Amino acid sequence: MIMLAEETLLEPLFLQKTMGKRVAIIGAGVSGLASVRACLEEGLEPTCFERSDGVGGLWEFSDHAEEGRGSIYHSVFTNSSKEMMCFPDFPYPDNYPIFMHRSKLQEYITTFAKEKNLLRYIRFKTLVSKIKKRPDFSVTGQWDVVTEKDGKQESAVFDGVMICTGHHVYPNLPKDNFSGLKEFKGKYFHSREYKGPEEFKGKRVLVIGLGNSASDIAIELSHTAAQVIISSRSGSWIMSRVWDDGFPWDMVFLNRFDNFVRNNLPTFISDWCYVKKMNGRFKHENYGLMPLDGTLRKEPVINDELPARIICGAITIKPTVKEFKETSVVFQDGTVFEAVDTIIFATGYGYAYPFLDESILKSRNNEMTLFKNVFPPCLEKSTLAMIGFIQALGAAIPTVDMQSRWAVRVIKGTCPLPPVSDMMHDIDEKMKMRLKWFGNSQALQTDYIVYMDEIASFIGAKPNMFWLFLTDPKLAVEVYFGPCTPYQFRLTGPGKWPGARNAILTQWDRTLKPMQTRIVGYPQKPYPLFEWLKLLAIPIILIAAFLALN
């Protein structure tokens with residue numbers, strides 16, 4: 001039975017008239033929680049529908065893969081450091097480790113939802129089965145949202161919809177791409193089904209793929225399995241969480257000054273610097289990991305152990321699979337892996353939104369086209385937003401926080417989008433840049449700092465560096481030369497947080513504190529501005545020496 005909105009929500013008519021626009025939010029992961037909070041900040045009325053019984057989305061661990069939900073393995077640790085992946089006005093506790101086990105992150109997400117009083121807006125164990133335009137959509141921009149719970153179906157009307165289901169739900173298992181797979185007598189499955197190494201003791205395992213999940217799983221299995229082989233078609237750069245001078249990689253790598261230099265150097269110099277930096281820890285050619293095109297900024301693998309497991313012989317790297325036999329695998333180089341027990345396909349994910357008509361998102365050449373990876377450009381009214389449909393070399397939480405802050409202002413009507421022609425032009429230009437920087441297979445990837453600044457500029461939350469250097473030089477130096485932490489995007493604009501300045505100036509204190517368990521001196525913090533001043537001093541010294549000799 002389909003119920004009317006008034007029957008479903010049981011709200012008095014006078015109360016409905018006093019509330020802001022009503023927004024349906026699909027999913028209660030970090031994207032959904034950010035969207036709920038953004039709606040409340042703008043005076044909108046959110047209703048979040050979550051098919052499970054808890055918050056966290058991908059990070060809510062289950063000991064088995066569940067249909068329609070992201071799935072992770074027991075041993076997952078974050079690839080982003082805690083200062084770089086927090087909600088911008090909600091730092092992690094000082095004693096949290098720099099890189100966290102998934103249980104610590106889930107604890108943080110749950111605490112955030114409780115502290116911000118978001119749980120009251122979430123309807124758990126509720127499946128969204130249909131979202132469709134109302135007949136008068138071109139005038140009202142409203143949507144009919146049909147949900148199911150305990151076998152009962154309900155329908156309600158919303159002024160806006162924010163889809164927050166992520167893009168790690170529907171596994172890509174390319175069975176048709178591999179000859180002979182149907183004849184293989186061993187076990188094979190997608191990496192989303194993997195939970196732990198226990199059942200693989202003494203087994204001979206092939207992992208297909210060289211992303212973060214593939215590397216993590218192969219390393220974990222290499223401690224118990226008899227043999228582990230990784231098959232990679234194109235290779236990948238491997239970055240360690242422990243970066244220059246032992247600092248977290250993202251707090252050193254992701255800063256405004258370095259990003260400006262990388263993006264404005266001549267291409268051949270930028271490419272040379274990038275390859276040299278990525279090869280600084282070890283020569284990828286020697287380990288069979290070198291990407292086919294090393295100059296592409298394709299998302300690298302964040303892993304601390306893979307080179308060590310390769311050099312110790314615990315993991316072997318092979319090229320792509322040519323064909324499968326009943327009990328063996330033949331690679332493109334002609335070598336054979338005999339007596340294979342298990343194949344794990346770590347081959348990524350596709351994306352699907354079965355509750356939504358495909359034509360809404362695929363507006364051109366049957367491809368998904370979104371303005372700034374958020375808004376379908378051809379809707380008559382901009383009242384549907386995709387939150388979290390992006391991949392950047394940066395943390396997801398601050399990214400979805402920024403997207404949702406912008407999206408709710410667009411839905412509210414206080415931040416109109418450009419004309420359709422301008423949005424389509426922007427989409428085309430961004431696609432050209434993605435092909436240049438990231439390659440054909442990286443449709444969701446973007447430059448983290450550039451993207452965050454673009455979205456922040458729409459709502460007046462982008463830091464004004466010129467003004468900061470004039471009025472607060474100490475803060476300006478940390479913002480420009482230090483890590484681009486999420487707090488920067490709560491310094492100004494709607495949602496401004498009074499604690500943002502102090503959070504930025506103390507971010508290294510919180511970073512280093514959990515490691516100060518044996519005090520052997522003062523904690524050493526990086527001073528990136530001074531490092532660049534040293535580099536600038538080199539040509540000055542050379543010029544001075546040349547003039548002195550002449």
Side-chain angles (χ1 to χ4, degrees), residues 58-59 61-65 70-79 99-103 168 171-175 178 181 184-241 282 284 287-289 299-321 324-331 333 335-349:
L58 180 66
W59 295 102
F61 179 77
S62 173
D63 59 6
H64 62 280
S71 179
I72 56 175
Y73 35 97
H74 184 274
S75 60
V76 169
F77 279 79
T78 63
N79 289 332
F99 294 96
M100 293 166 288
H101 184 252
R102 50 108 190 141
S103 60
H168 293 95
N172 174 38
L173 188 57
K175 298 179 183 180
F178 295 96
L181 184 58
F184 179 67
K185 291 185 176 180
K187 180 181 180 181
Y188 69 88
F189 57 89
H190 192 271
S191 58
R192 81 183 300 267
E193 305 286 336
Y194 176 84
K195 294 298 175 179
E198 294 78 13
E199 64 182 278
F200 300 93
K201 185 175 182 180
K203 302 292 187 180
R204 294 167 62 82
V205 182
L206 172 66
V207 178
I208 296 180
L210 188 57
N212 287 302
S213 296
S215 301
D216 285 349
I217 292 170
I219 287 166
E220 187 166 67
L221 291 178
S222 71
H223 293 280
T224 56
Q227 186 172 2
V228 177
I229 286 180
I230 293 177
S231 168
S232 174
R233 181 182 70 251
S234 57
S236 182
W237 293 118
I238 311 297
M239 293 175 66
S240 174
R241 293 177 179 87
F282 65 95
H284 284 63
Y287 289 72
L289 297 169
E299 184 181 20
V301 172
I302 310 297
N303 195 284
D304 309 300
E305 300 179 61
L306 184 57
R309 300 307 289 169
I310 294 173
I311 207 170
C312 291
I315 293 176
T316 304
I317 305 297
K318 287 289 186 178
T320 192
V321 172
F324 292 99
K325 303 288 188 180
E326 288 186 352
T327 60
S328 62
V329 179
V330 182
F331 299 102
D333 61 0
T335 57
V336 180
F337 183 22
E338 301 282 1
V340 182
D341 295 296
T342 305
I343 302 168
I344 301 176
F345 286 88
T347 43
Y349 293 83

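Worth saying up front: this structure is predicted, and the values here are computed from it rather than measured. In what follows, every heavy atom counts, from backbone to side chain, and hydrogens, waters and symmetry copies are set aside. Each residue takes its place number in the sequence, starting with 1.
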[atom1]/[X] to [atom2]/[Y] distance, rounded to the nearest 0.5 angstrom?
X: L221; Y: Q227; atom1: CG; atom2: CD; value: 12.5 Å
X: L289; Y: L210; atom1: CG; atom2: CG; value: 6.0 Å
X: R192; Y: T347; atom1: CZ; atom2: OG1; value: 12.0 Å

Would a distance-only check, ignoring hydrogens and angles, find a side-chain to backbone donor-acceptor pair under 3.5 Å from [X] to [Y]?
X: T335; Y: F331; answer: no
X: D341; Y: K203; answer: no
X: S231; Y: P319; answer: yes
X: T316; Y: I229; answer: no
X: R102; Y: H74; answer: yes

Quick one: closest heavy-atom pair of [X] and [Y], and the distance?
X: E220; Y: G196; result: OE1-CA, 4.1 Å
X: V336; Y: S328; result: CG1-CB, 4.0 Å
X: I72; Y: F61; result: O-CE1, 3.4 Å
X: A346; Y: S191; result: CA-OG, 3.6 Å
X: V205; Y: A225; result: CG2-CB, 4.3 Å

With [X] via ring-ring contact (aromatic ring centres under 6.0 Å, His included) - residues at least two apart:
X: F184; result: none
X: Y349; result: H168, H190
X: H223; result: none
X: H284; result: W237, F282

Give the C-alpha distance, both sets of side-chain angles, the deciding distance and a yes or no for side chain to side chain contact (heavy atoms under 4.5 Å, CB included) between T327 and F337. CA-CA 9 Å; T327 60; F337 183 22; over 6 Å; no

Report the relative orientation of the aromatic rings in Y194 and F200; use parallel for angles under 30°, tilted for 30 to 60°, perpendicular for over 60°.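 Answer is tilted, since the angle falls between 30° and 60°.
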
What side-chain donor-acceptor pairs closer than 3.5 Å can you find for residues 301-314, not counting sequence neighbours?
unit_1: N303; atom_1: OD1; unit_2: E305; atom_2: N; d: 2.9
unit_1: N303; atom_1: OD1; unit_2: L306; atom_2: N; d: 2.9
unit_1: N303; atom_1: ND2; unit_2: D216; atom_2: OD1; d: 3.1
unit_1: D304; atom_1: OD1; unit_2: S240; atom_2: OG; d: 2.8
unit_1: D304; atom_1: OD1; unit_2: R241; atom_2: N; d: 2.7
unit_1: D304; atom_1: OD2; unit_2: R241; atom_2: NH1; d: 2.7
unit_1: R309; atom_1: NE; unit_2: S222; atom_2: OG; d: 3.0
unit_1: R309; atom_1: NH2; unit_2: S222; atom_2: O; d: 3.3
unit_1: R309; atom_1: NH2; unit_2: S222; atom_2: OG; d: 3.2

Side chain proximity check, [X] to [Y], heavy atoms < 4.5 angstrom:
X: H101; Y: V76; value: no
X: I217; Y: Y73; value: yes
X: I343; Y: V207; value: no
X: I317; Y: I315; value: yes

Determine whether E198 and T224 satisfy the following criterion, side chain to side chain contact (heavy atoms under 4.5 Å, CB included), listing intermediate values before the conclusion. CA-CA 8 Å; E198 294 78 13; T224 56; over 6 Å; no

Could you pull out all residues at least two apart from K201 that satisfy side chain to side chain contact (heavy atoms under 4.5 Å, CB included)?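 Expected list: none.
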
Is it true that F324 and F178 have ring centroids separated by less than 6.0 Å?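 Ring-ring flag for F324/F178: true, centres closer than 6.0 Å.
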
Pair T342-Y188, side chain to side chain contact (heavy atoms under 4.5 Å, CB included): steps then yes or no: CA-CA 6 Å; T342 305; Y188 69 88; over 6 Å; no

Quick one: do the S71 and K195 side chains pair a donor with an acceptor below 3.5 Å?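 Checked: S71/K195 side chains pair up, N/O donor to acceptor below 3.5 Å.
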
Verdict with reasoning, I230 to K318, per side chain to side chain contact (heavy atoms under 4.5 Å, CB included): CA-CA 6 Å; I230 293 177; K318 287 289 186 178; over 6 Å; no

